[in-house]
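Quick caveat: nothing in here was measured; it's all calculated off a predicted structure.
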Amino acid sequence: MIVVLKPQSEQSQVENLINWLKEQNVDVHISEGHFQTVLGLIGDTAKIDDDLVASLEIVETVKRVSEPFKSANRKFHPDDSIIDISGVKIGGGNFAIIAGPCSVESEAQMIEVSTKVKAAGAKLLRGGAFKPRTSPYDFQGLKAEGIELLLEAKKVTGMPIVTEIMNANHLPLFEHVDVIQVGARNMQNFELLKELGKTNKTILLKRGLASTLKEMLMSAEYIMAGGNENVILCERGIRTYETYTRNTLDLSAVPMLRELTHLPIIVDPSHATGLSRLVKPMAMAAAACGADGLMIEVHNNPKAALCDGAQSLTPEQFADVAKRVEAIREVVKAEYDPTF
C-alpha cells in the first residue's frame, strides 16, 4: 500500500500517522521527494482500512500495490535513487563507468590498467578476485591476495573498487571493498542476498543468465528488505538461442526497469557480447537508451589474459569508447537527465 501525503503537511500529523501505521504491524518506508512525501507500507496491509486513511486531512491518495517487490518499486520511491560511492555518484542523472580486468593477475597489471582507465574517464575500478568459472580447471582467481592488489591500486589512483563475492563466509575479506558485486550465477542465492542486506555496502546486482526483470527486482528486494538500500542493477545479457554472441544484450531492460524501479541501472557490454569488437557499439547504445553507467572489461594485454581476454579492451580502445559514450550522453542528456 502507498499513502501519498499532501504538500506542506504538518510534521506532527505525519509522525502521528506513521506511528499509527507501525502499530498496525507494518513497516513504513518514507520517501521525501521534491513535491510530495510518499509512505510505502510493507507487510500485511489487508487489515488497514483504505477509506479511513484516505479520509485523513494530510492524505492525498491511497493506492494498493500489486507487485511483490516493494522497496525497489518506483511507486514507493518516485524519484531516482542516487548511490554515492566514496564521492562517485550513480543514478539521478549521474553517470559512471566501471572499468578494469576480468581477473586480478598481478600488482603491475592492476596499477597499469587502473591508472590508464582513470585517465580515460573511468570512475570505479573493477577486478575479479574470486572467479566463478564453468570449468573447475580454469583460473579461479587470486582470492584474498586479489583483493589486496585491488586495494593497492586504489591507494595509487583513489578509485573506489568493485569485486565479486561468491560466498557469505568471505564477507570479512570485503571490509574495505567499496562495491560488492553479485554475479549472474548468484543472483538468486537468497541466503547470500540476506547477508548482504545486513551490510551498508553498495551492492552491484547482475541479472541472472535466464532471469526475468521481475526475478531480478525480487533479488534486489531481498537485499533491501534487510535494510541495505544501496543497490545498483546491472543488465549483462541473457541466454538465448543465439550463438554468435556470448549472450544477448537486452537493452530494452533499461527503459523497462526505469519504469519499474528507482534503482540505478548500468549495462555490461563485455559479458553480454563476449567479443571486444562489439563492446563499443553496445556501450554507445546503452548510453543512448538511458543507462546510468557501464561496466567494461579492460586488460593491458588481452591476448595473455587469464580470463575472458576475447571480450577485453586494451586501455587505448577503452579511451576511445569512453570518449564516444560521453558524446552520446551529451546528445541524449535532455531525455534522461532530470537535472538538465
Colleague: Is Met216 reachable from Val267 through a run of hydrophobic residues whose side-chain heavy atoms are each under 4.5 Å from the next?
Modeller: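 In one cluster with Val267: Met216, yes.
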Colleague: Heavy-atom distance under 4.5 Å between the side chains of Ile203 and Lys201, does that happen here?
Modeller: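 A side-chain contact under 4.5 Å exists here.
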Colleague: Residues two or more places apart in sequence or in another chain: which of them pass side-chain contact (heavy atoms from CB on, under 4.5 Å) with Glu316?
Modeller: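 Listed in chain order: Lys116, Thr314.
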Colleague: Any side-chain heavy atom of Lys214 sitting closer than 4.5 Å to one from Pro68?
Modeller: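 Contact flag for Lys214/Pro68 side chains = yes.
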Colleague: Could you grab the distance from atom CG of Leu249 to atom CG of Leu251, nearest 0.5 Å is fine?
Modeller: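 These two atoms lie 4.0 Å from each other.
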Colleague: Nearest 0.5 Å please: distance from the OG1 atom of Thr273 over to the CG atom of Asp268.
Modeller: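 Between atom OG1 of Thr273 and atom CG of Asp268 there are 8.5 Å.
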Colleague: So which atom in Met295 and which in Val162 form the shortest heavy-atom distance, rounded to 0.1 Å?
Modeller: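 Taking every non-hydrogen atom into account, CE-CG1, 4.0 Å.
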Colleague: Counting N and O atoms only, with roles assigned by atom type, does the side chain of Glu152 sit under 3.5 Å from a partner on the main chain of Lys154, one being a donor and the other an acceptor?
Modeller: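 It does not hold such a pair.
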Colleague: Run the side-chain hydrogen bond (donor to acceptor under 3.5 Å, both in side chains) test against Arg74 and tell me which residues pass, sequence neighbours left out.
Modeller: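 Counting only residues at least two positions away or on another chain, Arg74 forms a side-chain hydrogen bond (donor to acceptor under 3.5 Å, both in side chains) with Asp80.
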Colleague: Does this structure show an ion pair linking Asp292 with Arg258, if we count only N-O contacts that are shorter than 4.0 Å?
Modeller: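 Salt bridge: yes.
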Colleague: Using the side chain to side chain contact (heavy atoms under 4.5 Å, CB included) rule, take Leu151 and Glu148 through it: C-alpha gap first, then chi angles, then the decisive distance, then the call.
Modeller: CA-CA 5 Å; Leu151 292 172; Glu148 290 302 320; 4.3 Å; yes
Colleague: Identify every side-chain donor-acceptor pair in residues 169-176 under 3.5 Å, counting partners at least two apart or on other chains, and give the distances.
Modeller:
residue	atom	partner	partner atom	Å
Asn169	ND2	Asn167	OD1	3.3

Colleague: Would you say Met187 and Ile165 are hydrophobically clustered, going by side-chain heavy atoms of ILVMFWY under 4.5 Å?
Modeller: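 Both belong to a single hydrophobic cluster.
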Colleague: Between Glu326 and Arg329 (salt bridge meaning N to carboxylate O under 4.0 Å), is one present in this structure?
Modeller: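 Judged by the 4.0 Å cut-off on N to carboxylate O distance, Glu326 and Arg329 do not form a salt bridge.
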Colleague: Would you mind listing the cluster partners of Leu275? Hydrophobic ones only (ILVMFWY), side-chain contacts under 4.5 Å, chaining allowed.
Modeller: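 Its cluster partners, ordered by chain and number, are Leu278.
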Colleague: To check you understand the geometry: which heavy-atom pair defines the closest contact between Pro269 and Leu294, and what is its length?
Modeller: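 Closest pair (atom of Pro269, atom of Leu294, distance): CD-CD2, 4.4 Å.
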Colleague: What pair of heavy atoms forms the shortest contact from Pro78 to Val38, and how long is it?
Modeller: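 For Pro78 and Val38, the tightest heavy-atom pair comes out as CG-CG2, 3.8 Å.
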Colleague: How close do Val332 and Ala288 get, heavy atom to heavy atom, and via which atoms?
Modeller: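 What the structure gives for the nearest pair is CG1-O, 4.0 Å.
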Colleague: Please name the residue in the list Val231, Leu217, Leu213 that meets the side-chain contact (heavy atoms from CB on, under 4.5 Å) test with Thr261.
Modeller: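 Among the candidates, only Leu217 passes.
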Colleague: Closest heavy-atom contact between Asp178 and Ser86?
Modeller: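 Taking Asp178 first and Ser86 second, the nearest heavy atoms are OD1-OG, 3.3 Å.
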Colleague: Among all residues two or more places apart in sequence or in another chain, which pass the side-chain hydrogen bond (donor to acceptor under 3.5 Å, both in side chains) test with Glu191?
Modeller: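 Once residues adjacent in sequence are excluded, the partners of Glu191 under the side-chain hydrogen bond (donor to acceptor under 3.5 Å, both in side chains) criterion are Lys194.
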Colleague: Charged N to carboxylate O below 4.0 Å: is that the case for Asp250 and Arg207?
Modeller: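 Looking at Asp250 and Arg207, the cut-off is met.
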Colleague: Please check this pair: side chain of Gln109 against backbone of Val104, looking for a donor-acceptor N/O pair closer than 3.5 Å.
Modeller: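 Looks like no, no N/O pair under 3.5 Å.
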Colleague: Check whether any side-chain heavy atom of Leu233 lies under 4.5 Å from a side-chain heavy atom of Leu205, and answer yes or no.
Modeller: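 They are in contact (side-chain heavy atoms under 4.5 Å apart), so the answer is yes.
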Colleague: According to a hydrophobic-cluster definition based on side-chain heavy atoms being under 4.5 Å apart (Ile, Leu, Val, Met, Phe, Trp, Tyr only), do Val117 and Val177 belong together?
Modeller: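 Yes, same cluster.
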Colleague: In terms of heavy-atom contacts, does CD of Glu242 have more than 12 from other residues, nucleotides or ligands at under 6.0 Å?
Modeller: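 Result for CD/Glu242: enclosed.
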Colleague: In the structure I gave you, are the side-chain heavy atoms of Lys75 and Glu67 within less than 4.5 Å of one another anywhere?
Modeller: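 Heavy-atom side-chain distance check passes, below 4.5 Å.
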Colleague: Quick one: pull up CG in Leu209 and CZ in Arg236 and give me the separation to the nearest 0.5 Å.
Modeller: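 These two atoms lie 5.0 Å from each other.
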Colleague: Restricting to ring pair (Phe, Tyr, Trp, His ring centres under 6.0 Å), what partner residues turn up for Tyr222, sequence neighbours left out?
Modeller: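 With neighbours one apart ignored, the set is Phe190.
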Colleague: Do Asp79 and Ser31 come within less than 4.5 Å of each other through their side chains, counting heavy atoms only?
Modeller: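 No - every pair of side-chain heavy atoms lies 4.5 Å or more apart.
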Colleague: Membership question, hydrophobic clusters at under 4.5 Å side-chain separation (ILVMFWY): are Ile265 and Val179 in the same one?
Modeller: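 In one cluster with Val179: Ile265, no.
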Colleague: For His299 and Glu105, which I'm curious about, is there any donor-acceptor pair between the side chains at under 3.5 Å?
Modeller: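 Looking only at side-chain atoms, Glu105 and His299 do form a donor-acceptor pair, the distance falling under 3.5 Å.
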Colleague: Are Glu60 and Gln36 close enough that some pair of their side-chain heavy atoms sits under 4.5 Å apart?
Modeller: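 Yes. Closest side-chain heavy atoms under 4.5 Å.
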Colleague: Taking it one step at a time, do Gln188 and Glu215 satisfy side chain to side chain contact (heavy atoms under 4.5 Å, CB included)?
Modeller: CA-CA 8 Å; Gln188 289 186 311; Glu215 288 169 337; 3.9 Å; yes
Colleague: Closest heavy-atom contact between Phe69 and Leu260?
Modeller: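 Taking Phe69 first and Leu260 second, the nearest heavy atoms are CE1-O, 3.9 Å.
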Colleague: What distance do Asp50 atom CG and Lys63 atom NZ have between them, rounded to the nearest 0.5 Å?
Modeller: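 Answer for the CG-NZ pair, Asp50 versus Lys63, is 13.0 Å.
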Colleague: How far does CD of Glu15 sit from OG of Ser9, to the nearest 0.5 angstrom?
Modeller: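 Between Glu15 CD and Ser9 OG, I get 12.0 Å after rounding to 0.5 Å.
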Colleague: Got a sec, which hydrophobics cluster with Ile48, joining ILVMFWY side chains under 4.5 Å apart, including via others?
Modeller: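 Result for Ile48 is Met1, Val3, Leu5, Val14, Leu17, Ile18, Trp20, Leu21, Val26, Val28, Ile30, Leu39, Leu41, Leu52, Val53, Leu56, Ile58, Val59, Val62.
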Colleague: Quick test of your reading: applying side chain to side chain donor-acceptor pair (under 3.5 Å), list the pairs with at least one residue in residues 277-290, sequence neighbours left out, ordered by first then second residue.
Modeller: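 Those involving residues 277-290 are Lys280-Asp320.
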Colleague: Take Met166 and Asn186, measure what side chain to side chain contact (heavy atoms under 4.5 Å, CB included) needs, and give me the verdict at the end.
Modeller: CA-CA 7 Å; Met166 296 292 296; Asn186 271 319; 4.2 Å; yes
Colleague: Side chain to side chain contact (heavy atoms under 4.5 Å, CB included) between Ile147 and Phe130: does it pass, once the steps are laid out?
Modeller: CA-CA 9 Å; Ile147 292 180; Phe130 294 85; 4.0 Å; yes
Colleague: Are Ile223 and Ile266 joined in one hydrophobic group, where the rule is that I, L, V, M, F, W and Y side chains link up if heavy atoms are under 4.5 Å apart?
Modeller: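 They do not share one cluster, since no chain of ILVMFWY contacts under 4.5 Å joins Ile223 to Ile266.
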Colleague: Between side-chain atoms of residues 121-128 and protein atoms elsewhere (two or more places apart, or another chain), which donor-acceptor pairs fall under 3.5 Å?
Modeller:
residue	atom	partner	partner atom	Å
Arg126	NE	Pro101	O	3.2
Arg126	NH2	Cys102	O	3.1

Colleague: Is a salt bridge present between Glu164 and Lys206, judged by a nitrogen-to-oxygen distance below 4.0 Å?
Modeller: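 Salt bridge flag = no for Lys206 with Glu164.
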Colleague: In the structure I gave you, are the side-chain heavy atoms of Asp308 and Ser270 within less than 4.5 Å of one another anywhere?
Modeller: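 Counting from C-beta outward, Asp308 and Ser270 never come under 4.5 Å.
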Colleague: Indicate yes or no for a side-chain donor-acceptor contact from Lys118 to the backbone of Gly158 under 3.5 Å, with no hydrogens or angles considered.
Modeller: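 No; judged by distance alone, with no hydrogens or angles, the pair does not exist.
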Colleague: How many angstroms lie between CD1 in Ile161 and CD1 in Ile180, if you round to the nearest 0.5 Å?
Modeller: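 The distance works out to 10.0 Å.
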Colleague: Considering residues at least two apart in sequence or located in another chain, which fulfil the side-chain hydrogen bond (donor to acceptor under 3.5 Å, both in side chains) criterion with Thr45?
Modeller: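 Checked Thr45 against side-chain hydrogen bond (donor to acceptor under 3.5 Å, both in side chains); matches are Arg64.
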Colleague: Under the rule for side-chain hydrogen bond (donor to acceptor under 3.5 Å, both in side chains), what residues qualify as partners of Asn94, not counting sequence neighbours?
Modeller: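 For Asn94, no residue satisfies side-chain hydrogen bond (donor to acceptor under 3.5 Å, both in side chains) once neighbours in sequence are set aside.
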Colleague: Does Gln24 CD have over 12 foreign heavy atoms under 6.0 Å away?
Modeller: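 Counting other residues, nucleotides and ligands, CD of Gln24 exceeds 12 neighbours.
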Colleague: Of all residues at least two apart in sequence or in a different chain, which pass the ring pair (Phe, Tyr, Trp, His ring centres under 6.0 Å) check with His271?
Modeller: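 Applying ring pair (Phe, Tyr, Trp, His ring centres under 6.0 Å) to His271 gives none.
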